[in-house]
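We use all heavy atoms of the structure for the numbers below, so side chains are in, but hydrogens, waters and symmetry mates are not. A quick note: this is a predicted structure, and the numbers were derived from the prediction, not measured. Throughout, residue positions are numbered sequentially from 1 according to the sequence presented.
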Amino acid sequence: MKLEAVDYTAENAEQLFVESLRNTGFGVLKNHPIQQQLVNSIYENWYTFFNDEGKTDFTFNVDTQDGLFPTDVSETAKGHAKKDIKEFFHYYPWGQCPEALRAEIQNYYEQANALAAELLSWVEKHAPDTVSSTFSQPLSSMIEDSEQTLLRILHYPPLQGDEELGAIRAGAHEDINLLTVLPAANEPGLQVLSKEGDWLDVPCDFGNLIINIGDMLQEASDGYFPSTTHRVVNPEGSDKTKSRISLPLFLHPKPEVVLSERHTAGSYLTERLKELGVI
C-alpha cells in the first residue's frame, strides 16, 4: 500500500482525503492554500534560532508548557525507554516567543488553523451518520477560540555518532489531539504503521501537507477514525549531517469540549501528559 497525495483543488478532494484518513490514519494534500515560501522562511529562521546560544532565554515554563524544550528534557514516546533525539519550541499566541519571529509564526498559526477547521468539517461531512451524530458538537467548533492548539517547531539535530543505542529521532507514537497538520519537512524520515504492520514512508515532497488523526478524534468517533502510529527514523549516509526541521500543528479542542462519555478534552489531555511524564 502507498500513501497518495490528494489534490486540494479537485472536485472529489473531500471524499478522497477522508477515505485516506479512514484507511491509513493519514491524509496528504497538494495544491493547498498554505504557501511554500512562508513554510520555507519559517524553517530557515528557526534553524538559525536553534543554532543560537540565546535560545536558552526562552526555556519553557513548567506551568504553561510554552517555550524551548532542549534535548536533555525531550520526550520519551509512550512505551519507549530511550529519549527522542530532538529539541523543540512550543508556540501559543499567548506564550513566549522571540519577537523577531513572532509575526511570521503567528501568520502561519492562523492560516493553518483556518485550513484545519475546514478539514475537520470535511471529516464530519463524510463520516457515516452513526458516527457524526455522536459528536457532542461540530468538529470544527471544538477548536474555535481554543487556547490549547499547539504549534511545535521541531529541530532534529545532525547525528554525531555518539547517540544512545536504539534512540531515534521520534519513537513510534500516536498524537493526543484531534488532527495534526504538518508541512512536509525539509528532510525525509516520517513513517506510518499500516494496518498490515508495515512501516510506510510518508510522501515528503516539499509543498505537501500531511494530516494525521490523533487520539482525541479516535475517542470522539468511538474508534471509527483510528489514531495512527508513526515515527521519525534516523537518516542514513551523508544525510546524517543534516538537521531536520518540522512544524506540526496539534489541534486541541477547548478543555470543556465533551469527547465521549469518559472524557472531556481537558481530562483526556491531562491523563496523556501524565503518561508521558510531561506533568
Side-chain angles (χ1 to χ4, degrees), residues 17-18 21-22 25-27 60-67 69 75-80 88-96 106 109-110 112-152 154 170 172-182 211-230 248-279:
F17 173 76
V18 177
L21 277 185
R22 165 76 170 141
F26 268 76
F60 71 101
N61 293 310
V62 174
D63 293 338
T64 52
Q65 297 282 297
D66 59 311
F69 290 72
E75 295 169 314
T76 302
K78 184 179 176 181
H80 290 254
F88 50 90
F89 192 100
H90 278 184
Y91 175 76
Y92 299 95
W94 47 261
Q96 59 176 323
Q106 177 63 22
Y109 184 94
E110 291 172 3
N113 262 283
L115 178 58
E118 181 182 16
L119 299 180
L120 283 171
S121 71
W122 290 7
V123 169
E124 183 167 6
K125 178 180 175 182
H126 292 277
D129 291 342
T130 52
V131 174
S132 58
S133 64
T134 63
F135 296 146
S136 64
Q137 62 190 86
L139 289 178
S140 58
S141 74
M142 290 184 180
I143 63 168
E144 195 174 328
D145 299 323
S146 172
E147 293 191 345
Q148 302 297 313
T149 289
L150 162 65
L151 182 58
R152 173 182 285 178
L154 274 157
H173 67 283
E174 299 80 40
D175 292 343
I176 300 171
N177 41 290
L178 285 172
L179 287 179
T180 301
V181 177
L182 176 72
I211 297 93
N212 68 271
I213 298 169
D215 292 344
M216 288 186 179
L217 183 53
Q218 176 175 276
E219 181 77 18
S221 66
D222 196 24
Y224 180 81
F225 289 106
S227 182
T228 312
T229 303
H230 53 287
L249 181 77
F250 299 106
L251 292 169
H252 279 275
K254 298 178 286 290
E256 67 272 16
V257 166
V258 175
L259 296 176
S260 65
E261 292 182 359
R262 296 180 295 178
H263 281 294
T264 63
S267 70
Y268 197 92
L269 179 60
T270 298
E271 180 180 285
R272 286 298 308 277
L273 291 179
K274 285 181 178 176
E275 289 175 353
L276 289 169
V278 177
I279 60 173

### Summary
Sorted by chain and number, sequence neighbours left out, ring pair (Phe, Tyr, Trp, His ring centres under 6.0 Å) with Phe26 holds for His230
### Query
Do Trp122 and Leu21 have side chains that get closer than 4.5 Å, going by heavy atoms?
no
#### Entry: Minimum heavy-atom distance between Leu151 and Pro248, given as atom pair plus value
CD1-O, 3.5 Å
### Query
What are the two closest non-hydrogen atoms of Arg262 and Ser267, and how far apart are they?
O-OG, 4.5 Å
### Side chains of Thr64 and Tyr92 in contact at under 4.5 Å (non-hydrogen atoms)
no
### Point-to-point distance, once rounded to the nearest 0.5 Å, from CD of Glu144 to CD of Gln137
9.0 Å
### Task
Identify, with sequence neighbours excluded, every residue that meets side-chain contact (heavy atoms from CB on, under 4.5 Å) alongside Thr134.
none
### Message
For the CD atom on Glu261, are there more than 12 heavy atoms of other groups (residues, nucleotides or ligands in this structure) within a distance under 6.0 Å?
### Response
no
### Task
Just jot down the side-chain contact (heavy atoms from CB on, under 4.5 Å) partners of Gln96, sequence neighbours excluded, or say none.
Phe58, Asn61, Asp66
## Note on the structure
The residue among Asn177, Leu249, Val181 that forms side chain to side chain contact (heavy atoms under 4.5 Å, CB included) with Thr149 is Leu249
### Query
How far apart are the C-alpha atoms of Leu217 and Leu139, what are their side-chain angles, what is the distance that settles it, and do they pass the side-chain contact (heavy atoms from CB on, under 4.5 Å) test?
CA-CA 9 Å; Leu217 183 53; Leu139 289 178; 4.1 Å; yes
### Message
Within this structure, what is the CD-OG distance for the pair Glu124 and Ser133, rounded to the nearest 0.5 Å?
### Response
10.0 Å
### Task
State, yes or no, whether a side-chain contact exists between Tyr224 and Thr130 at a heavy-atom distance under 4.5 Å.
no
### Message
So that I know where these two stand, are Phe60 and His90 an aromatic pair - ring centroids less than 6.0 Å apart?
### Response
no
### Message
Can you confirm whether Pro255 sits close enough to Leu269 that some side-chain heavy atom of one is under 4.5 Å from a side-chain heavy atom of the other?
### Response
no
### Nearest heavy atoms of Lys254 and Ser141, plus distance in Å
NZ-O, 2.8 Å
### Query
Just wondering, do Met142 and Ser136 contact through their side chains at under 4.5 Å, heavy atoms?
yes
### Query
For His126, what residues pass the side-chain contact (heavy atoms from CB on, under 4.5 Å) criterion, not counting sequence neighbours?
Glu14, Gln15, Val18
### Task
Quick one: closest heavy-atom pair of Phe225 and Ala127, and the distance?
CE1-CB, 3.9 Å
### Task
Apply the side chain to side chain contact (heavy atoms under 4.5 Å, CB included) test between Pro253 and each candidate in Leu178, Thr264, Val258; give the one that qualifies.
Leu178
### Query
Could you give the distance from CD (Gln65) to CG (Leu150), rounded to the nearest 0.5 Å?
9.5 Å
### Query
Do Asp175 and Phe250 come within less than 4.5 Å of each other through their side chains, counting heavy atoms only?
yes
#### Entry: With sequence neighbours excluded, residues passing side chain to side chain donor-acceptor pair (under 3.5 Å) with Asn113
none
### Query
Within a strict 4.5 Å, meaning less than it, do heavy atoms of the Asp222 and Val131 side chains meet?
no
### Query
If you look at every heavy atom in Ser227 and Gly214, which pair is closest and at what distance?
OG-C, 3.5 Å
### Task
Name all residues meeting the side-chain contact (heavy atoms from CB on, under 4.5 Å) criterion together with Pro226; count only those two or more places apart in sequence or in a different chain, and write none if there are none.
Ile213, Gln218
### Query
Which heavy atom of His263 sits nearest a heavy atom of Tyr268, and at what distance?
CD2-CD1, 3.4 Å
